[in-house]
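Notes to accompany the following structure.
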Amino acid sequence: QWTRMEAGDRVAHRLWPLDSLRPRFPLLAPTAGVHDVFVRVVHQVPLRLRPQIVDADQASRHDSNQMLWAGLLLGVIVTLVATCVQMSLSFHDRTYVWYAGYLVSTGLAALSYSGIAQSHLWPQATKFSSDFIVFAIMVAFAFNLQFARSMFGATQGRAWQISARVLIA
């Protein structure tokens, strides 16, 4: 009997067979005896996979560990953003705003890359989850250029400021 299961960045997370940060599939086979299992993986680009059979508890611990580290990273980013906002309001300097924007977009890119954003922020999205990584990185690059222009722009010539604006566009 054939069973079809789908998961990945082009399938809404709420439709995955197991709630996990990475595509995982339950192995539905009788416990007694030797059984052949055939797996067909469809991917848009050539891909080298190393399939592993892991215990459900081990997979859950791995996801929990990854969520812990992502939570710590998110806490540091939120603290830095709050500090940047406070510094920007205190000194009336937009440099801190650009850096805060860079931190937020980089944090969102990291959450999206790790699968946490697809699991918790937009579980019904299909194509958006993988495209958002590229968008967040591009926004982070734009904020980074604005930060550099704000920080060093007064000491650089007009040509440098124009080229920074062209790169942002």
Side-chain angles (χ1 to χ4, degrees), residues 1-85 96-148 167-168:
Q1 175 179 347
W2 295 98
T3 303
R4 179 184 173 125
M5 291 181 259
E6 294 181 349
D9 61 348
R10 302 291 188 208
V11 177
H13 190 272
R14 61 181 174 79
L15 299 176
W16 288 15
L18 293 176
D19 187 25
S20 177
L21 297 179
R22 300 280 180 233
R24 291 195 174 102
F25 304 97
L27 184 59
L28 307 171
T31 56
V34 176
H35 302 280
D36 293 327
V37 176
F38 296 96
V39 178
R40 179 175 176 227
V41 177
V42 179
H43 201 272
Q44 290 182 346
V45 295
L47 178 69
R48 183 175 167 225
L49 290 176
R50 294 183 321 242
Q52 297 176 348
I53 297 177
V54 295
D55 185 66
D57 291 335
Q58 180 184 358
S60 179
R61 279 192 306 273
H62 181 269
D63 281 351
S64 296
N65 193 20
Q66 188 173 359
M67 291 281 285
L68 172 69
W69 286 108
L72 289 172
L73 173 69
L74 191 59
V76 168
I77 288 175
V78 167
T79 304
L80 286 171
V81 167
T83 303
C84 286
V85 168
Y96 297 104
V97 174
W98 299 128
Y99 189 65
Y102 168 74
L103 287 170
V104 168
S105 54
T106 302
L108 286 172
L111 289 176
S112 187
Y113 180 75
S114 67
I116 295 171
Q118 185 179 11
S119 174
H120 297 288
L121 297 179
W122 43 80
Q124 70 281 357
T126 53
K127 191 174 183 300
F128 176 74
S129 49
S130 62
D131 294 341
F132 183 77
I133 298 170
V134 176
F135 173 74
I137 290 171
M138 297 293 284
V139 169
F141 181 67
F143 275 120
N144 195 8
L145 280 174
Q146 284 293 90
F147 169 75
L167 281 174
I168 290 170

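The structure presented is a predicted model; accordingly, all values stated were derived computationally and were not measured. Below, all heavy atoms of this structure are taken into account, side chains as well, without hydrogens, waters or symmetry copies.
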Can you tell me if F25 has over 12 outside heavy atoms packed within less than 6.0 Å of its CZ? yes

From F128 CZ over to Q118 CD, what is the distance, rounded to the nearest 0.5 angstrom? 11.0 Å

Report yes if the side chains of T106 and Y102 come closer than 4.5 Å at any heavy-atom pair, otherwise no. yes

If you measure from OG1 on T126 to CG on D131, what distance do you get to the nearest 0.5 Å? 9.0 Å

Nearest-0.5 Å distance, OG1 of residue T3 to CG of residue L27: 10.0 Å

Look at the side chain of S112 and the backbone N and O of L108, then say whether any donor-acceptor pair between them is shorter than 3.5 Å. no

Stepwise side-chain contact (heavy atoms from CB on, under 4.5 Å) check, H62 with R24: CA-CA 12 Å; H62 181 269; R24 291 195 174 102; 3.7 Å; yes

For R4, enumerate each residue passing the salt bridge (Lys or Arg N to Asp or Glu O under 4.0 Å) test, keeping only those at least two apart in sequence or located in another chain. E6

Which atoms form the tightest heavy-atom contact between C84 and L103, and what is the distance? SG-CD1, 4.4 Å

Which heavy atom of S119 sits nearest to which heavy atom of D19, and what is that distance? OG-OD1, 4.1 Å

Can you give the donor-acceptor pairs under 3.5 Å from side chains of residues 66-83 to other protein atoms, not counting sequence neighbours?
from, atom 1, to, atom 2, distance (Å)
W69, NE1, N65, OD1, 3.3
T79, OG1, G75, O, 2.8
T83, OG1, T79, O, 2.9

Does atom CD of Q52 have more than 12 heavy-atom neighbours from other groups under 6.0 Å away? no

Got more than 12 heavy atoms from elsewhere within 6.0 Å of OH, Y99? no

For H13 and S20, indicate whether the former's side chain and the latter's backbone hold a donor-acceptor pair under 3.5 Å. yes

Please round to the nearest 0.5 Å and tell me the distance separating atom CD1 of I53 and atom CD of Q58. 12.0 Å

Which heavy atom of W16 sits nearest to which heavy atom of P23, and what is that distance? CZ3-N, 3.7 Å

What is the minimum heavy-atom distance between F143 and S105, and which atoms define it? CD1-OG, 4.0 Å

